[in-house]
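Have a look at the structure below before the remarks.
Below, all heavy atoms of this structure are taken into account, side chains as well, without hydrogens, waters or symmetry copies. A quick note: this is a predicted structure, and the numbers were derived from the prediction, not measured.
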Amino acid sequence: SAQNILVAAEHARAMGLKIDYRCATVEDLATEGQVFDAVIALEVVEHVPDVAACMSACTAVAKPDATMIFATLNRTAKAFVLAIVGAEYVLGWLPRGTHQWNRFVRPSELSRALESAGGRITALDGMSAVKGSRVISYEKPPVSPLQGMTALQQLYLSDNQISLSLMLICRCRRRLR
């Protein structure tokens with residue numbers, strides 16, 4: 001939102017960072033002919049109505065051989081139970097209706113959309129509360145809508161099928177043209 005952009009821009013200014021924040025969609029940036037060294041969309045893809053169009057716009061704004069990183073919820077029963085039933089209805093961490101299960105994306109769907117748009121997945125990991133090969137520990141929960149979170153103190157990154165059943169984290173490249 002415009003308000004979030006203002007807050008982020010003020011934080012960057014106070015830290016002496018030169019960051020060009022924009023309140024725009026990736027489709028708007030693609031239409032403007034903007035290109036970037038990296039494209040990162042975390043917790044976005046599961047909210048878009050047309051994944052193929054989103055991936056097409058993301059690859060359009062990525063320079064040739066640019067890195068793209070996407071994190072999204074996998075369309076599985078586990079993700080439905082944890083992200084919708086658990087986070088929205090039981091724990092109240094997110095407003096009800098934040099997620100629509102039919103918009104969660106399977107790895108094969110994301111891969112097809114990227115390939116059609118001129119990209120390719122180079123690494124696929126997942127995130128879960130199940131122990132994996134690399135751990136992300138939170139001594140204190142991050143300041144976010146999840147404030148007060150106590151159930152998940154550690155999240156694990158792994159490329160095993162258990163962690164992929166909740167969240168996909170993929171590194172991609174735009175193919176050279």
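Between Y89 and I84 the shortest side-chain heavy-atom distance falls below 4.5 Å. Side-chain atoms of R120 and E115, non-hydrogen and from C-beta on, do get closer than 4.5 Å to each other. A 4.5 Å side-chain heavy-atom check between V81 and K78 finds every atom pair outside the cut-off. Two residues are said to be in side-chain contact when any heavy atoms from C-beta on lie closer than 4.5 Å; R75 and V105 fail this criterion.
For the atom pair CZ (F104) and OG1 (T76), the distance works out to 8.5 Å, reported to the nearest 0.5 Å. Interatomic distance, L114 CG to I121 CD1, rounded to the nearest 0.5 Å: 5.5 Å. Rounding to the nearest 0.5 angstrom, the gap separating the CE atom in M55 from the OG atom in S111 is 11.5 Å.
Closest of all the heavy-atom pairs between A60 and A30 is CB-CB, 4.0 Å. Residues T59 and G118 approach most closely at CG2-C, 4.4 Å, considering heavy atoms. Nearest heavy atoms, H99 versus A83: ND1-O, 4.0 Å.
With V61 as the fixed residue, the side-chain contact (heavy atoms from CB on, under 4.5 Å) test singles out one of V26, D28, T31: V26.
Checked by atom type and distance alone, the side chain of T122 pairs as donor or acceptor with a backbone atom of R171 at under 3.5 Å.
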Donor-acceptor pairs under 3.5 angstrom involving side-chain atoms of residues 35-54: please list them, not counting sequence neighbours.
unit_1, atom_1, unit_2, atom_2, d
D37, OD1, K63, NZ, 3.0
E46, OE1, T72, OG1, 2.8
H47, ND1, T98, O, 3.4
D50, OD1, A52, N, 3.2
D50, OD1, A53, N, 3.1

In a table with atom names and distances, give each donor-acceptor pair under 3.5 Å that connects a side chain of residues 13-20 to protein atoms at least two apart or in another chain.
unit_1, atom_1, unit_2, atom_2, d
R13, NE, E10, OE1, 3.2
R13, NH2, E10, OE2, 2.6
D20, OD2, R22, NE, 3.0
D20, OD2, R22, NH2, 2.6

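Cluster note: V7 groups with no other residue, as no ILVMFWY side-chain heavy atom lies under 4.5 Å from it.
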### Query
Which is it for D65 and R174 under the side-chain contact (heavy atoms from CB on, under 4.5 Å) test, yes or no, and what are the steps along the way?
CA-CA 5 Å; D65 205 33; R174 177 180 167 188; over 6 Å; no
#### Entry: Intermediate values then yes/no, side-chain contact (heavy atoms from CB on, under 4.5 Å), V85 and F80
CA-CA 7 Å; V85 176; F80 175 82; 3.6 Å; yes
